[in-house]
Amino acid sequence: MPLHVPPAPAPALRSVLAALGSPTAVREARTPALRSAQGPLSPEHPLPVHLLDRIGPGGLTPTTRLAAWRFQIRGADRAVAAADTMLTPDGWTFSHFFEGPYIASTELALRQAEAASTHYQPRLLSIPELYMLALWLHEDTEADASGGSPAPADLLVPLAPAPPGIAAHRPHRVADLLPVITTRITPGPGPLLGSPA
């Protein structure tokens, strides 16, 4: 398998397992698929979620920061939801469950990446100003998953639904897609807040 999935922080995984084991947390989640799932549920495919804060001058050197660790929640035969964790002063902790089109889209993008011949470290890149989420395939498989920025040769695979004019599930080199993203983002003061779920 060419994907070198970085290990999630142990407290993040423990907090998701605790939430899955809590009838209250599952019952109160706004995820009908999670509440109606039959059989055991398990967290899989932990991915660090990086937020694109800004793009450097000339569309180069994007600045990102780690915002969450996301786990696909698998039912009997497919992912039915996802769980995000967040970093607090006490460490990584469960944030929330959610569902929607990015669940199946993430699974599809991961399957496509596993079929590639190049080895990658998978991450998610959130671009809030475009309401865009992409599978970020980082060529440095030994890199610390909590840091770094997309390198020009890294691949971004926009997840569906993608913004108009950007093809979902088509791998783009960062050097090719970054100029497109740059022209669509209106410069504004300060870092971006929020991320698509």
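Quick note: numbers below take in every heavy atom, side chains included, and nothing from hydrogens, waters or symmetry partners. Nothing here was measured: the structure is a model prediction, and the numbers come from that model. This chain uses plain numbering: 1 for the first residue, then up along the sequence.
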Enquirer: Checking Thr106 against Leu47 for the side-chain contact (heavy atoms from CB on, under 4.5 Å) test, could you report, in this order, the C-alpha distance in whole Å, the side-chain angles of both residues, the deciding distance, and whether it holds?
Expert: CA-CA 10 Å; Thr106 299; Leu47 294 172; 4.1 Å; yes

Enquirer: Using the rule that two of Ile, Leu, Val, Met, Phe, Trp, Tyr join whenever any of their side-chain heavy atoms come within less than 4.5 Å, decide whether Leu66 and Phe71 are in one cluster.
Expert: yes

Enquirer: Would a 4.5 Å heavy-atom cut-off, applied to side chains only, mark Pro150 and Trp136 as touching?
Expert: yes

Enquirer: What is the distance from atom CG of Leu137 to atom CD of Gln112, rounded to the nearest 0.5 Å?
Expert: 10.0 Å

Enquirer: Roughly how far apart are Thr93 OG1 and Asp84 CG, rounded to 0.5 Å?
Expert: 12.0 Å

Enquirer: Nearest heavy-atom pair of Pro158 and Ala162: which atoms, and what distance?
Expert: CB-CB, 4.1 Å

Enquirer: Just so I know, are the side chains of Leu110 and Pro122 near enough to count as touching, which here means a heavy-atom distance under 4.5 Å?
Expert: yes

Enquirer: Once you round to the nearest 0.5 Å, how far does CG of Leu52 lie from CG of Leu133?
Expert: 12.0 Å

Enquirer: Is there a continuous path of hydrophobic side-chain contacts, each under 4.5 Å between heavy atoms, that joins Leu178 to Leu156?
Expert: yes

Enquirer: Where is the tightest heavy-atom contact between Ala151 and Val174, given as atom of each residue plus distance?
Expert: O-CB, 3.2 Å

Enquirer: Checking Arg173 against Asp154 for the side-chain contact (heavy atoms from CB on, under 4.5 Å) test, could you report, in this order, the C-alpha distance in whole Å, the side-chain angles of both residues, the deciding distance, and whether it holds?
Expert: CA-CA 6 Å; Arg173 286 181 56 243; Asp154 287 353; over 6 Å; no

Enquirer: What's the spacing between His45 NE2 and Arg74 CZ if we round to 0.5 Å?
Expert: 6.0 Å

Enquirer: Determine the minimum heavy-atom distance between Leu155 and Pro171, stating which atoms define it.
Expert: CD1-CB, 4.2 Å

Enquirer: Indicate yes or no for a side-chain donor-acceptor contact from Ser105 to the backbone of Leu159 under 3.5 Å, with no hydrogens or angles considered.
Expert: no

Enquirer: Is there a side-chain contact between Leu135 and Leu124 (heavy atoms, below 4.5 Å)?
Expert: yes

Enquirer: State, yes or no, whether a side-chain contact exists between Ile73 and Val16 at a heavy-atom distance under 4.5 Å.
Expert: yes

Enquirer: Are Leu125 and Trp69 connected into the same hydrophobic cluster when the rule is that any two of I, L, V, M, F, W, Y join if their side-chain heavy atoms are below 4.5 Å apart?
Expert: no

Enquirer: At what distance, to the nearest 0.5 angstrom, does CZ of Arg111 lie from NE2 of His169?
Expert: 9.0 Å

Enquirer: For Val26 and Ala19, work out which heavy atoms get closest and say how close.
Expert: CG2-O, 3.7 Å

Enquirer: My understanding is that only one of His119, Glu142, His138, Gln121 makes a side-chain hydrogen bond (donor to acceptor under 3.5 Å, both in side chains) with His4; could you say which?
Expert: His119

Enquirer: Hey, does the side chain of Thr63 reach the backbone of Ser149 with a donor-acceptor pair shorter than 3.5 angstrom?
Expert: no

Enquirer: Are Leu41 and Leu17 grouped together when hydrophobic residues (ILVMFWY) are joined by side-chain heavy atoms under 4.5 angstrom apart?
Expert: yes

Enquirer: Between Ala82 and Gln72, what is the shortest heavy-atom contact and its length?
Expert: CB-OE1, 4.0 Å

Enquirer: Does Arg35 pair with Glu99 as a salt bridge, N-O distance under 4.0 Å?
Expert: no

Enquirer: Mind listing the closest non-hydrogen atom pair of Arg123 and Ala145 along with its distance?
Expert: NH2-CA, 3.6 Å

Enquirer: Would Ser146 and Asp144 count as having a side-chain donor-acceptor pair, cut-off 3.5 Å?
Expert: yes

Enquirer: To the nearest 0.5 Å, what is the distance between CG (Leu3) and OH (Tyr120)?
Expert: 9.5 Å

Enquirer: Find out if a path of hydrophobic residues (ILVMFWY) with successive side-chain heavy-atom gaps under 4.5 Å connects Ile103 to Leu20.
Expert: no

Enquirer: Are Ile166 and Arg184 close enough, and set up right, to give a side-chain contact (heavy atoms from CB on, under 4.5 Å), and what steps lead you there?
Expert: CA-CA 11 Å; Ile166 296 177; Arg184 295 190 179 200; 4.0 Å; yes

Enquirer: How far apart are the C-alpha atoms of Glu107 and Glu44, what are their side-chain angles, what is the distance that settles it, and do they pass the side-chain contact (heavy atoms from CB on, under 4.5 Å) test?
Expert: CA-CA 11 Å; Glu107 271 203 315; Glu44 295 183 352; 5.7 Å; no

